[in-house]
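Working notes for the structure below.
In listed order, ligands and their atoms are each counted from 1. We number each residue from 1, following the sequence as shown.
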Amino acid sequence: MMSTINQITVIGSGVMGHGIAQISAMAGYEVVIRDIQQSFLDKAMEKINWSVNKLAEKKKINQTEAEKIISRIHPIVDIQQSLKNSELIIEAVPEDLRLKHKVYQELDKYADKDVIFGSNTSTLPISEISSFTSRPNRFIGLHFFNPPQLMKLVEVIPGDKTDKQITDLVINFVSKIGKIPILCKKDVPGFIVNRIFIPLVHEAMYSLDRSKSSLVEVDSASKYKMALPMGIFELADYTGLDVIHKATNEMYSRDKKVVFPHPKIQELFENKELGQKTGKGFYLYQGDNYERIQLTEELAEKFDPISLVSVAVNNASWLLSNEVCDKNELEQALMLGMGLKRELFETAEIFGINNIIDTLQYLSSKFGTFYEPDKYLLSMKK
Ligand code: NAD
């Protein structure tokens, strides 16, 4: 059994893969980055070069260091060669179970027997993906956030069969690359952060329908009253409606209680209104310079986000009563992964636990089981 990790292979050089390769090389690891076409790897290396040179320009690192970082990253198309001497494989291919199946069969065939498999999946079940390999005991979820160069959080998710030593080794690796690992003790749909974030986007749409408020009013309230880093619709546009749509479907197909899908998300996805990246989502983004939407405390006063707070707190309570993480881990994950500026349960206290329970009971009587308050929340009743 290996005791440390020195060399890693990142499979997939897209949005996530190239960022993960970069931060790993910056932490001193030798990194192979693999994709299916040389041109994809060239593009990824261009982006990495740009980003590392930017750090040198800003004097965060010196020129020699910048060159060393780049020299530690080896772009390779040939799968067999890309896995040579690798101790940890981080897979970041598109979120499609069939594709992941194919990729893991191939990796299983060529990888060393001691290698660790880490999947960057956002929503697919780790135990299910691990069964695509002959060694589910060496398989783990390693969920980075976008962009990995900046986001500090990595959710670490063992599957049913993951060895404890593998979990420990991976947690150690995450710390060494300067990230904060949060252990998601159970392989549940959405893990920790997406279990709160994704349903919140849908609830924001429902509350918009019910209240006749405007997008900016809901967004102002989510920013100023719920302590989100920006409006919830802004955050959805920033994340990408394709990502949200995909995550919704994956989560909903496994557990009807985790999210209450609003048809607007599907509609935006089908219209290719994916948010900032396409110039239109909930908002319109025109011109080269992204003009920030004006959210104000005054506008926040026009909307009561109680149902948003209630849904977020209810899903958080579910995580706690199912022992997926403890309260500190939950709050830390939400601060680092969603940018919450105040603890969620502190917000819950401000809005009132009893008020939240009443809201959920009222909504569940009208709209069904999704809103039923969790037992952890009920136990907090005053
Ligand atoms: P992406 O589409 O930007 O990149 C995927 C890359 O994988 C592409 O370059 C593609 O050519 C490559 N690829 C496809 N098949 C391959 C193979 N057999 N071998 C090697 N490379 C192959 O996708 P992404 O946004 O980087 O997402 C990757 C994973 O990370 C997904 O599981 C996704 O759910 C997860 N994730 C994404 C985000 C996000 O916001 N984008 C955040 C967290 C996690």
Side-chain angles (χ1 to χ4, degrees), residues 8-23 31-48 74-83 86 89-111 117-126 128-129 132 140-157 174 179 182 184 189-195 197-198 201 235-251 274-277 281 333 336-339:
I8 71 167
T9 301
V10 179
I11 303 291
S13 66
V15 174
M16 298 303 290
H18 89 273
I20 296 169
Q22 179 185 330
I23 50 173
V31 184
V32 170
I33 182 161
R34 197 255 159 177
D35 210 307
I36 44 179
Q37 274 188 33
Q38 186 60 43
S39 62
F40 297 163
L41 289 174
D42 293 344
K43 228 180 251 160
M45 287 309 289
E46 235 173 73
K47 285 194 218 151
I48 294 171
H74 315 280
I76 298 177
V77 173
D78 182 82
I79 179 120
Q80 227 169 323
Q81 205 193 333
S82 77
L83 299 175
S86 179
I89 297 173
I90 302 180
E91 168 272 310
V93 306
E95 190 83 329
D96 174 331
L97 199 61
R98 269 185 303 181
L99 173 68
K100 300 228 192 234
H101 192 166
K102 191 182 128 247
V103 169
Y104 278 107
Q105 277 181 328
E106 207 175 16
L107 294 173
D108 197 35
K109 190 157 126 198
Y110 296 116
F117 288 108
S119 176
N120 188 44
T121 180
S122 307
T123 48
L124 301 170
I126 301 304
E128 199 172 326
I129 316 179
F132 301 154
I140 196 157
L142 201 50
H143 185 214
F144 288 81
F145 286 71
N146 186 20
Q149 292 93 329
L150 296 179
M151 299 292 283
K152 281 274 177 199
L153 179 66
V154 179
E155 292 175 334
V156 175
I157 314 106
V174 172
K179 301 291 166 191
I182 297 277
C184 179
F191 309 137
I192 299 172
V193 173
N194 278 337
R195 196 167 185 111
F197 170 57
I198 302 291
V201 177
L235 193 54
D237 276 352
Y238 175 79
T239 306
L241 272 305
D242 49 344
V243 172
I244 293 173
H245 175 255
K246 183 93 194 153
T248 302
N249 287 352
E250 292 297 346
M251 288 160 69
L274 305 181
Q276 276 188 33
K277 63 177 130 186
L336 298 171
M338 235 170 94

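Within the 4.5 Å cutoff, no side-chain heavy atoms of Ile90 are placed close to those of Ile11. Residues Val154 and Leu142 form a side-chain contact, since some pair of their non-hydrogen atoms from C-beta on lies under 4.5 Å apart. With a 4.5 Å cut-off on side-chain heavy atoms, Val77 and Asp35 do not count as touching.
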Go ahead and list the nitrogen or oxygen contacts between ligand 1 and the protein that come in under 3.5 Å, distances to 0.1 Å, or just say none.
unit_1, atom_1, unit_2, atom_2, d
ligand 1, 3 (O), Val15, N, 3.0
ligand 1, 9 (O), Asp35, OD2, 2.7
ligand 1, 11 (O), Asp35, OD1, 2.7
ligand 1, 19 (N), Arg34, NH1, 2.9
ligand 1, 26 (O), Val15, N, 3.4
ligand 1, 26 (O), Met16, N, 2.8
ligand 1, 30 (O), Asn120, ND2, 2.9
ligand 1, 32 (O), Val93, O, 3.3
ligand 1, 32 (O), Glu95, OE1, 2.6
ligand 1, 32 (O), Lys100, NZ, 2.7
ligand 1, 34 (O), Glu95, OE1, 2.9
ligand 1, 34 (O), Ser122, OG, 3.1
ligand 1, 36 (N), Ser122, OG, 3.3
ligand 1, 40 (O), Asn146, ND2, 3.4

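Partner Thr123 forms a side-chain hydrogen bond (donor to acceptor under 3.5 Å, both in side chains) with one of Glu250, His143, Glu95 and no other, that one being Glu95. Residue Val93 forms a side-chain contact (heavy atoms from CB on, under 4.5 Å) with just one option from Leu99, Thr121, Ile36, and that option is Leu99.
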Ignoring hydrogens and angles, write down the donor-acceptor pairs under 3.5 Å from the side chains of residues 38-47, residues two or more places apart or on other chains.
unit_1, atom_1, unit_2, atom_2, d
Gln38, NE2, Asp42, OD1, 2.9
Ser39, OG, Gln37, OE1, 3.1

